[in-house]
Each structure stands twice: as C-alpha cells, then as structure tokens.
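See structure below.
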Amino acid sequence: MAISTRYVAKETAANLMRNRLMTVASILTIAVSLSLVGVALLLQEGVSNATVRWSNGVNVAVFLQADVTSSQSVSVHDQLVAMPEVRHCFYMNKQATYSEFKRLYANQPDVYETATPANMPPSYRCVLSNPKDAQTVQAQFVHKPGVRNVAYPGLEINTMEKVALILQIVFLSLALILFLSAFVLIANTIRQAIFARRREIAVMKLVGATNWFIRIPFMMEGFVQGIVGGLIAFGAIFFLHWGLGYLVNHAGAQILKTIVISSNAMFVTAFAVVIAGIVLGTAGSLIAIRRFLDV
Amino acid sequence: MASGAGATLLALMYPEFLSVPGCNAGLYEMITFENVTKTYKRGVVALNDVTFDIEKGELVFIVGPSGSGKTTLLRLILREDSPDKGRIWVAGKEIAHLNHWRIPYLRRNMGCVFQDFRLLPNKSVFENVAFALEVIGRPQHVINAQVPQVLELVGLAKKRRNLPHELSGGEQQRVAIARAFVNRPLILLADEPTGNLDPSTSSGIMRLLDRINRTGTTTIIATHDASMVDMMRRRVVALEHGALVRDQERGIYGYGT
C-alpha cells in the first residue's frame, strides 16, 4: 500500500513540533556525542599519520641519498643486518616513501607538491632488539657513504601517542555515555509522541490502517533527530579541522603541526558520523515503537 | 442478490466450499460464530459456546445486561481479540487465526461506532471523517468526493467545519457514524451507540443506522436500550453470562417487561 510522502512529512513535522524541547535536547545530545566520536577518530588518524614511520615496531630509519648507488645501498644493508642490536630491516623504495611523505604533510600541500618520487630518499627501516640502541645505530651509520641521515623516534613521539590514547579513551567513554542518553532521550520523545497521539492511533487501528502506516511517522521522527544531530556533528568536525589548519598555517602553532589530518579523512569521518546519527535515531525510535506502540 | 448468486457460482465451481460455514450455496453468511468461547484472565467467562449466523444485509441487536459478553462479541468480530475455542467467519474468511498483518485489511470491511464517539478533538467534522480514508491510503480526490456525500447522508453537511466540542452528543455520534460508513464497509458494528444520548436523539441515531442498513450494510448493534430495540422490531440475539439465550426474528428487548 502506498504511503503518501505528504502524509508522512506532515505527521513527522507535527510530532517534532509538538515536543520541541525534547526534540532539541535529543538532537543536541546526539550532536555532542557524535562530535566526540568524530574527534576521537580524527585524533587516531592524526597520530597514526604523525607516527607512521614508527609503526610496526620500527625503531630506527636509515635514509639514503636520493642518488645512492646500488652498491652503497647493499653495503649499508649488509652492515645493518650484521649488527647484533638489529633484529631485522626492510627496504622502503622511493615510491613508498613518496606516499608516506604525502601522508605526513597532507595539510601542507606546498610542501609535498614540490616533491616527486624521484627526489625521495629510499630507506632501511629497522626493528631493534632494544629500542635504546637506536642512538648507537645512528652514530655508526650517519657518516657512511650514501647515507643521508638516520632518524629514530624521540621521546615526544612516545608522549604524543600516550596523550592521544588517553584523550581517545576519555572522548570515547564520554561519547558512549552521551550515546546512551541520546538513545534514551529519543526513545522517550517518541514515547511521548505516541502517548499524545493515542486517540489517533486507536482510530487508525479501528479503521484498518496498516501497522507500518502507523509506525512510519514515529520512525521518521527518530530518523530526523538522528540526521540533524549527525549534521551538526559534521559541522563541528569540519569547523575543528579547519580551525586546526588555520592555527598551523596562520597562527604558527608549531606543536599542532605533527598532527596531520587530510581533508579526505575528515570527510570520511564526518560522513560516518552522520550515518551513525541516522542509525542511532532510527534505532531509538524503533525501540520506543516496539515497547510503547501496541500494533 | 448479486452476492448470493456469486456464492452459488463459487459453490458450483468449488464444491468443497459447500461444507464451509459462511459460504453456503445460495446464502451468503456475513458473520458466523461456531461454538465460540472466550475466557479472560482470572477465569471470567465472557462468551460460552456461542453459535449463530448473520446474513448479508441483516440488522441484528445484541442485547443483554452489562457483562453479558456483548462487547466481547464485537471485539471478536473486529479481531481485537481471538477466541479460546471455536471459529469465526467474517465475509467468508476464518478470522480467529488470521495472520497479524491481515487484520487491518479485515477491518477495512467494517465500520465501528461506540458509546463515547471517539472523535479526534482537534480535527473538524470533515477532517475526522476524512482521517478514516486518509490513513488507509485513499487518494485526496476520493476523500474529497466521498466525505461530503457521507456528511450529507448523516445530515451534517452544514457543520463540516465545526470541531466536535461545538456539536451536540447526537451530532457527534452522527460524525462517528459518518466516519464508520465513509469507506462503504460490508459491516457496521455499533457498541451502545445511544448509551450517552437522550431518547429523542437516540431514535434519530437509530433511524440513521436503519437507513445505512437499508443500503445493504450488515448492521450489528449491541445495546441495552430496550425502547430502541422494541421500536425497531428487528432480529434480537440475547446474551446472558456469556451464553446465547435467545435468537428471535422481529424480537423485543424482553428484559424486565
């Protein structure tokens, strides 16, 4: 049976307007919780970008000259693996280094646009038995022929990862609590709407309206709350990302420079947040419908 | 009658229908109760082994004191409840074990009127009647054609813009009847339709129900309004403590007289 969109729109709008304060409360709760989720996800992305060189337990990176000869390269490799402190090494070619470079400087296009795969330094990424030996490796290799420089993660990387982890745990816990409250708020809003319309619902059942016909306006009410909350969170994430970029580029906030979040990642996260809002809103209303709408 | 002929044809084509109550050859039973028993929680017996037929186009009074099972009987026809024992046919379909999702379609064959009118207070007369069509997905042009017609029939064409609280009790009940009848149902059920009305208003409502019945709508009226039953002289089915105690053509109320 066709359910006219006009009817659904009219009823949904009437429900939302009837319960304005509750509607605003649930929309804001959704928006805040989803913004927190979004920020936590972006923080994860930013930190993993900043520390991409040191993923998979890499403790030291030996960068070669861009014009290194293959014999120089082989000799560096042989000497590296011969060291007792080195557990194993892998080679990172120019192309892979270029991709990593782009990821590191994603929010500074002027930096990576001048770079080409050809002028990237290839490197050996090594895992050490004891991370503290990174300095020894650096001292030994930094002046070898064909070696450009030797890098190892400083203390600040470790600190950054720890701080980010704590922030993420805090944000996600808060988001979880707000998620639950948003859920309860939506369910309660729908419950009140069902109660306010109990006479209409009784008549609808009596004259043979189908169950879905009765349910859909209430479902749409939760859906609208979810999508509006999600869109507000989208805006918040967008604004935060823009603000971060502004601080780095114009206000000289160098500390933030290491936390790199590409526009792409930001948009993916923001869209995920809107979808989460829709799911949250619809699920909340479905629960209320199941519990309180006896059709 | 056309539907009678239809049933005969059906019976000729599918002889097994002959044994099905509610689809007898030549006779079209609109409603059939077969040994229906309904017990509520805590052992209250609302209906006890009730069997009867109502033919298409009949007008039947269900009478009996409060608690005799009249309302339960209507609720079973509407499939707001299902019986514990026995079977019920409505318009040729067995409804006691009807799929849940088919119930709305069953109810589209019925109109229902109550003692307390059950109008929507914030909707006008027109909107109240239109609502019944709107929520079963009828298009606007059908609504615009049928609602004024039925309001004319119940004599409220001039009050289409009024809200229910601006109307008298009798007028409100007319709106309720218009809403029940606007979809041209096969069956009209009325539960104490004159229970809240004074005698002269009541007889007006009863005449209206009679007029609707004469359009071919099977009409079932549960009431303990003796004067109405006696005035109409139609079929009377009497219940007492959930049991069918009397079934009379052209009957009277017959209690306390």
For the residue pair B:R108 and A:T210, what are the closest heavy atoms and their distance?
NH2-CG2, 3.6 Å
Closest approach of B:P104 and A:A209, non-hydrogen atoms and distance?
CB-O, 3.6 Å
Which of the residues B:M110, B:E80, B:R179 is involved in the greatest number of heavy-atom pairs with chain A at under 4.5 angstrom?
B:R179
Would you please test B:V135 and A:Y7 for side-chain contact (heavy atoms from CB on, under 4.5 Å) and show each step?
CA-CA 9 Å; B:V135 300; A:Y7 172 84; 3.9 Å; yes
State whether the number of non-hydrogen atoms from other residues, nucleotides or ligands found under 6.0 Å of A:R198 atom CZ is greater than 12.
yes
B:K93 atom NZ, over 12 foreign heavy atoms within 6.0 Å
no
CZ of A:F238: more than 12 outside heavy atoms within 6.0 angstrom?
no
Does any heavy atom of chain A fall under 4.5 Å from the side chain of B:P121, the backbone, both, or neither of them?
side chain
Side-chain touch A:L206/B:L78, heavy atoms, less than 4.5 angstrom:
yes
Contact class of B:E134 relative to chain A, heavy atoms under 4.5 angstrom
both
In chain order, what residues pass the salt bridge (Lys or Arg N to Asp or Glu O under 4.0 Å) check against B:D116, with sequence neighbours excluded?
B:R118
Around atom NE2 of B:H165, are there more than 12 heavy atoms from other residues, nucleotides or ligands closer than 6.0 Å?
yes
Counting only heavy atoms not in B:Y40, do more than 12 sit closer than 6.0 Å to its OH atom?
yes
Taking it one step at a time, do A:K205 and B:I103 satisfy side-chain contact (heavy atoms from CB on, under 4.5 Å)?
CA-CA 9 Å; A:K205 284 190 215 169; B:I103 294 172; over 6 Å; no
